[in-house]
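A short worksheet on the structure shown next.
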Amino acid sequence: MTFAVGYRSVLGKLPVADQGVLLKALNDPTSGLATFLCRDVRDRSLRTLAGAYTGMPTAVAKTISKDLADYASTGWRHEHETGPAETASDKRKLLFMVLKAGGGATLNWTRIYQIIS
């Protein structure tokens, strides 16, 4: 599911009056709602991704940080507009979501550790 399809699906479930309120808040840079939602998606994706790794949280955070940097320098530049292929691994899809929600920015391992702990 693409972001646009998912967005429309969620928006369509809201009453019309609430749709207007949400759209207004998302388009208002002072509301902070868009930033909050993006961070929430990023953090949830990181926590899900962390569940796929074994080891101590510090080691997991360092591995995720490395994988995120590797994906950012290789796959992200090709997929940032279209997203990963349907056949891509769940790990790759989650790495994509972390970068997409974070505006393409990678995170250092200490920040990842704070999020997943």
Side-chain angles (χ1 to χ4, degrees):
M1 174 184 302
T2 66
F3 176 77
V5 170
Y7 178 75
R8 280 189 224 108
S9 174
V10 169
L11 194 60
K13 292 178 183 174
L14 295 173
V16 175
D18 292 342
Q19 289 179 20
V21 172
L22 179 60
L23 289 172
K24 183 178 179 187
L26 285 171
N27 288 314
D28 178 4
T30 62
S31 76
L33 181 60
T35 301
F36 170 80
L37 292 173
C38 286
R39 284 188 184 149
D40 185 60
V41 168
R42 181 199 68 192
D43 294 355
R44 286 175 186 265
S45 297
L46 280 170
R47 289 184 194 108
T48 302
L49 187 58
Y53 294 86
T54 58
M56 299 297 291
T58 303
V60 170
K62 288 179 179 181
T63 303
I64 291 173
S65 180
K66 181 187 177 311
D67 289 350
L68 194 60
D70 290 347
Y71 175 71
S73 66
T74 57
W76 173 252
R77 62 187 170 133
H78 302 292
E79 299 173 349
H80 74 276
E81 294 288 331
T82 60
E86 290 290 325
T87 56
S89 69
D90 289 341
K91 177 182 164 185
R92 188 177 188 97
K93 290 176 183 177
L94 288 166
L95 290 169
F96 170 82
M97 287 304 300
V98 170
L99 288 178
K100 188 71 169 177
T106 59
L107 299 168
N108 65 35
W109 74 267
T110 55
R111 183 67 186 120
I112 293 171
Y113 176 80
Q114 291 171 342
I115 293 168
I116 67 173
S117 294

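This structure is a prediction, so every number in the text was calculated from the model and none was measured. Positions are given from 1 along the sequence. Just the heavy atoms: all of them, side chains too, but no hydrogens, waters or symmetry mates, feed the values below.
Under the rule for a side chain to side chain contact (heavy atoms under 4.5 Å, CB included), the partners of Leu49 that lie at least two apart in sequence or sit in another chain are Tyr53, Ile64, Lys91, Leu94, Leu95. Scored by the side chain to side chain contact (heavy atoms under 4.5 Å, CB included) test, Thr110 finds Asn108 as partners (sequence neighbours excluded). Checked against side chain to side chain contact (heavy atoms under 4.5 Å, CB included), Arg77 has no partners two or more places apart in sequence or in another chain. Ala88 meets the side chain to side chain contact (heavy atoms under 4.5 Å, CB included) test with Pro84, Arg92, Lys93; sequence neighbours excluded. Residues satisfying the ring pair (Phe, Tyr, Trp, His ring centres under 6.0 Å) test with Tyr71, not counting sequence neighbours, are none.
For residues 43-64, every residue pair satisfying the salt bridge (charged side-chain N to carboxylate O under 4.0 Å, His left out) rule, not counting sequence neighbours, is listed here: Asp40-Arg44.
Closest non-hydrogen pair, Leu46 versus Ile115, comes out as CD1-CD1, 3.7 Å. Across every non-hydrogen atom of Val60 and Gly55, the tightest pair is CG2-O, 3.8 Å. The nearest pair of heavy atoms linking Arg111 to Leu107 is CG-CD2, 4.2 Å.
Of the possible donor and acceptor atoms, one in the side chain of Ser45 sits under 3.5 Å from a partner among the backbone N and O of Val41. A donor-acceptor pair is defined here as one N or O able to donate and one able to accept, closer than 3.5 Å; such a pair exists between the side chain of Ser73 and the backbone of Asp70.
Ring geometry for Tyr113 against Trp109 counts as perpendicular: the plane angle is over 60°, on a 0 to 90° scale with 30° as the lower cut.
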